[in-house]
Undergrad: 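Can you read through this structure? Questions will come right after.
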Number of protein chains: 2
Amino acid sequence: MTDGLTIGQAAAFVGVTIKTVRHYHRLGLVAEPERDGSGYRRYRSDELYRLVQVRTLAAAGVPLAEVGDLLDADPTTFAATLDDVHDQLTERIEDLTARRDRLHRLDHGDRALLPDRACAVLERLVELGFGPDYVAAQREALVLALALVPAIFDSFLARLEHSLDDPESVELTKRGWDARTWDPDDPRIEELASTLADKLLTQRALLAMPTGFEDQSDAASRYAMVNHHREDRSPSIARLNTLVEANLRAAGVTVPSQ
Amino acid sequence: MTDGLTIGQAAAFVGVTIKTVRHYHRLGLVAEPERDGSGYRRYRSDELYRLVQVRTLAAAGVPLAEVGDLLDADPTTFAATLDDVHDQLTERIEDLTARRDRLHRLDHGDRALLPDRACAVLERLVELGFGPDYVAAQREALVLALALVPAIFDSFLARLEHSLDDPESVELTKRGWDARTWDPDDPRIEELASTLADKLLTQRALLAMPTGFEDQSDAASRYAMVNHHREDRSPSIARLNTLVEANLRAAGVTVPSQ
DNA sequence: CTGCGGCCTTGACCCGAGGTCAAGGTCAAC
DNA sequence: GTTGACCTTGACCTCGGGTCAAGGCCGCAG
């Protein structure tokens, strides 16, 4: 015949922490019990019962904000609310599962941020004798393209694959990469730009924008951002790109700028 | 040849909000870009690239606190960390799924906080003519028992089921419930207590504590808390219980007290 | 009678990943 | 010159509690 349990005992009995019990009091989910002469809370079975109800619902994933209404609701509302919570939990589970799957796909070394097909292209670059710096630059460009212009990522990749099948293109690309160390005023840059533009014009079909992409309002800026990535690290490359674009425009090709 | 994107453009390009970009800056995940004359941040492709990296990992469920180290780590560490994150995500998914399943079991009207077998017993009470108040009191007692003394919940339930099979027990129980409206000094209470105790003693086997339960240090208090639930609402019932317990003790049965 | 350890009280701040609000500066267009 | 869209910083909010701090209450030991 005691006058009730202390908060520590009550918490232990229903399997929560003291802090949690006080939290429920503050949220109004469990009424404050009587206090004894020292100001200690003293719990009777009524409060214990309520505590068990709250803990059971909370453990089942019902947000505390809804537990109070739920326990005071009629059975129909009760069931409907539980259905809601059930659906929300399902949604969160599916979201987390999707994240985990994405993570799983990222989980194998180099294919960190890119799909398999893009990784294969990067490996071909290594086999073809491109240096690690060039491969790294291409990787960055591909990551950027995938994120900024996913709609044309595949055609971007196709153009790259196609040019790697052509030894002449490979040679020109290597020479273009070498240009990064040249002086920006080196006359070889203009010559190289002209050759590169001619080469590109032989594959005119590949230069066309995929349908459905042009009408995206900022498509051009996004595309330009990918094309000019890392350009600021080498003024010679920047000049080379500018000249190639000018040549292409002169030949009637639409090249996004700005 | 612009001097970079504003924060709103950069955020839109990589598919996050402005707030998120600034959040990444504050966490040191993406370096602050140069500012223009007005103090606006101006993003170049370098920062965009980094932003894409961070967003990709974050979207895959990597905690932001680990993203920074991850992007600066060697491939081995990279893979190991991703594995860790993968496992943590799996754990959270399993936890949420367990909650959802618990919720699903709670989701059917009356079987809110109790297993099916207990709900069946409550329905039998209704069929046997017990009033809603009595049924509600029994439900509370069962919920409390399930939470406080799960180890003996089954035997608790078995005792209840067994007594419902015996019409004489049912009659006595109804009479005990009627006692709640009597005066606490009514002499019929003593008489009823004696009859009830006799009845209980004919089922002595059911009174024994299940093995493995006695040695739990606070088992007795927990058990008493269930037994005396709601007693404070009727002094007559309290007196009846006390007398029954005294009778049982006199007959050599160990009854938890305090 | 005093100290010690263990329980209780309140209050304030912390986590993650940003969202929201407020007050003010900047820019381009009308 | 004014409007509306954008930018800046800063402070406070989420959810379910955990952790820390300063102090009161209790029983037991010397």
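Lettering of chains follows the sequences in order, A, B, ..., and the numbering in each one begins at 1.
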Undergrad: Pick the closest DNA chain D nucleotide for B:G8 and for A:R26 by heavy atoms, then say which residue is nearer the 5' end.
TA: B:G8
Undergrad: Taking only distance into account, with no hydrogens and no angle test, what donor-acceptor pairs under 3.5 Å do side-chain atoms of residues 27-37 of chain A form with protein atoms, sequence neighbours excluded?
TA:
from  : atom 1 : to    : atom 2 : distance (Å)
A:E32 : OE1    : A:R35 : NH2    : 3.3
A:E32 : OE1    : A:R41 : NE     : 2.8
A:E32 : OE2    : A:R41 : NH2    : 3.4
A:R35 : NH1    : A:G39 : O      : 3.0
A:D36 : OD1    : A:S38 : N      : 2.9
A:D36 : OD1    : A:G39 : N      : 3.2
A:D36 : OD1    : A:Y40 : N      : 3.0
A:D36 : OD2    : A:R42 : NE     : 2.9
A:D36 : OD2    : A:R42 : NH2    : 3.2

Undergrad: Of all the choices, C:dT10, D:dG18, C:dC8, which nucleotide is nearest to the side chain of A:R35 once you look at every atom?
TA: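 The closest nucleotide is C:dT10.
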Undergrad: Return the minimal non-hydrogen interatomic distance between A:D154 and A:R117, and the atom names on each side.
TA: OD1-NH1, 3.7 Å
Undergrad: How many whole angstroms separate atom CD1 of B:I7 from atom P of D:dC6?
TA: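 Distance check: B:I7 CD1 to D:dC6 P gives 13 Å.
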Undergrad: Restricting to non-hydrogen atoms, name the atom on A:V62 and the atom on A:V67 that form the minimum distance, rounded to 0.1 Å.
TA: CG1-CG2, 3.8 Å
Undergrad: Answer yes when A:R50 and A:D72 have at least one side-chain N-carboxylate O distance shorter than 4.0 Å, and no when they do not.
TA: yes
Undergrad: Would you indicate what B:R22 reaches in the nucleic acid, counting non-hydrogen atoms under 4.0 angstrom: base, sugar-phosphate, or nothing?
TA: base
Undergrad: Can you give me the closest heavy-atom contact between A:V21 and A:Y43, atom names plus distance?
TA: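 Residues A:V21 and A:Y43, closest heavy atoms: CG1-OH, 3.4 Å.
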Undergrad: Is it true that atom CZ of A:R180 has more than 12 heavy atoms of other residues, nucleotides or ligands lying nearer than 6.0 Å?
TA: yes
Undergrad: Please name the pair of heavy atoms, one in B:R230 and one in B:D133, separated by the smallest distance, quoted to 0.1 Å.
TA: NH1-O, 3.9 Å
Undergrad: Identify the heavy atoms of A:A11 and A:I18 that sit nearest to each other, and give their distance.
TA: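 So the minimum-distance heavy-atom pair works out to CB-N, 3.9 Å.
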Undergrad: Produce the list of close N/O pairs, under 3.5 Å, pairing protein atoms with atoms of nucleotides 13-16 of chain D; give distances to one decimal.
TA:
from   : atom 1 : to    : atom 2 : distance (Å)
D:dG16 : OP2    : A:L64 : N      : 3.4

Undergrad: Enumerate all atom pairs, one protein N or O and one N or O from nucleotides 23-30 of chain C, separated by less than 3.5 Å.
TA:
from   : atom 1 : to    : atom 2 : distance (Å)
C:dG25 : N2     : B:Y40 : OH     : 2.7
C:dT26 : O4'    : B:Y40 : OH     : 3.2
C:dT26 : O3'    : B:S38 : OG     : 3.1
C:dC27 : OP1    : B:S38 : OG     : 2.4

Undergrad: Using whole Å, report how far NZ of A:K19 lies from P of C:dT9.
TA: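 Rounded to the whole Å, the gap is 10 Å.
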